[in-house]
There are 2 protein chains.
Amino acid sequence: MQAMGHINIEELYTQIKVQFSSISLATLYKNINAMVANRLITEVKVPNVKSKYEITKDPHIHLLCDTCSEFIDLDLDVNPLLNEASSKSHYELYGSCIVLSGVCEKCQEKV
Amino acid sequence: MQAMGHINIEELYTQIKVQFSSISLATLYKNINAMVANRLITEVKVPNVKSKYEITKDPHIHLLCDTCSEFIDLDLDVNPLLNEASSKSHYELYGSCIVLSGVCEKCQEKV
DNA sequence: TAATAAAGGAGAATAATTATCCTTTAAGTT
DNA sequence: AACTTAAAGGATAATTATTCTCCTTTATTA
């Protein structure tokens with residue numbers, strides 16, 4: 001299986017059936033939900049698009065291109081922001097869902 | 001009507017029926033969607049919780065308490081982050097959905 | 001006022017997710 | 001190995017959220 005990055009349930013189901021052809025969608029949901037509950041997997045809810053799942057990693061920014069639907073991670077340290085947010089709010093933070101949307105470079109050229 | 005802050009469809013429907021008792025849910029969705037498309041209203045997708053709507057305002061951080069479901073805005077300037085994200089990715093950004101989750105101060109006290 | 005367009009309403013249809021209930025598989029014990 | 005119990009999986013029904021269809025009502029303008 002190739003590196004998955006971000007994948008939605010439908011895609012994941014297709015992928016998994018390659019190796020476990022009899023798995024049912026209900027089972028997939030059950031397992032995904034268990035893993036999300038234990039923070040092994042993170043669900044990223046994205047406006048206008050199906051939820052995406054990714055292996056949980058350090059907080060980071062997601063970029064969504066509203067034109068071509070490209071969805072990528074941005075390598076940019078958000079810890080300073082989280083620390084500031086935490087100290088200002090007194091929240092004990094352990095999860096983040098940061099999605100910025102706009103138009104990617106390629107789509108800007110296509111005008 | 002009191003200041004709404006963040007509201008989900010169900011709550012909004014209840015509120016609106018007070019003044020427009022005959023409005024249907026379909027109409028509400030149509031109008032909301034039109035306003036979201038024109039960026040008058042922003043939909044905030046939140047893990048484990050129904051989507052929330054808010055009047056569109058400058059990019060900001062949302063905090064979700066996973067214990068009591070409190071959902072609030074955090075007054076913290078995120079423009080530096082957005083600028084950095086934009087210049088690093090060459091995206092033209094115009095929308096943000098930033099949700100940090102954890103445990104609020106009150107819930108931390110509750111052991 | 002008649003003609004046309006725009007918005008709304010009711011409920012059907014669709015899509016995503018969860019729940020139910022039964023079967024299969026696995027693990028542990030004697 | 002056979003028996004017992006628990007855990008996981010499968011099929012499908014049920015639920016929920018949202019969108020679509022189609023018809024009616026309201027508004028606009030000639």
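Quick note on labels: first sequence line is chain A, next is B, and so on, each numbered from 1.
Contact between B/H90 and A/Q108 at its shortest, heavy atoms only, is O-NE2, 2.9 Å. Heavy atoms only, all atoms of each residue included: B/C65 and B/C104 are closest at SG-N, 3.4 Å. In plain terms, the two heavy atoms of B/D77 and B/N79 that are nearest each other are OD1-N, 3.0 Å.
In this structure, A/K50 places its NZ atom 8 Å from C1' of C/dA15, rounding to the nearest Å.
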Item to check | Audit row: A/E11, A/H6, side-chain contact (heavy atoms from CB on, under 4.5 Å) steps and yes/no | outcome: CA-CA 10 Å; A/E11 294 160 348; A/H6 312 94; over 6 Å; no
Item to check | B/K88/A/D75 under salt bridge (Lys or Arg N to Asp or Glu O under 4.0 Å): CA gap, chis, key distance, verdict | outcome: CA-CA 9 Å; B/K88 192 154 189 172; A/D75 183 23; 5.0 Å; no
Checklist entry - What do the steps show when you test A/I16 against A/L28 for side-chain contact (heavy atoms from CB on, under 4.5 Å), and what is the final call? => result CA-CA 9 Å; A/I16 280 181; A/L28 180 56; 3.7 Å; yes
Next on the checklist: Evaluate A/Y53 against A/V44 for side-chain contact (heavy atoms from CB on, under 4.5 Å), listing each step before the verdict.
Outcome noted: CA-CA 6 Å; A/Y53 295 92; A/V44 188; over 6 Å; no
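Interface limits on DNA chain D: the 5'-most and 3'-most nucleotides within less than 4.0 Å of chain B heavy atoms are D/dA17 to D/dC20.
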Checklist entry - Given Watson-Crick or G-U pairs with both distances under 3.5 Å, what dot-bracket string fits DNA chain C, with | for other-strand pairs and [ ] for crossing? => result ||||||||||||||||||||||||||||||
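In this structure, B/S51 and A/I23 both approach DNA chain D, and ranking their closest nucleotides by distance from the 5' end singles out A/I23.
B/L74 and B/V46 are members of different hydrophobic clusters when ILVMFWY side chains are connected at heavy-atom separations under 4.5 Å.
Note that CD1 of A/I61 is 12.0 Å distant from SG of A/C97, once rounded to the nearest 0.5 Å.
Ring centroids of B/H62 and B/F71 are separated by less than 6.0 Å, placing the two rings close together.
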Can you check nucleotides 18-22 of chain C for protein contacts, nitrogen or oxygen pairs under 3.5 Å, and list what you find?
unit_1 : atom_1 : unit_2 : atom_2 : d
C/dT18 : OP2    : A/N33  : ND2    : 3.0

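Between C/dG9 and B/T27, a contact under 4.0 Å exists linking OP1 or OP2 to a side-chain N or O.
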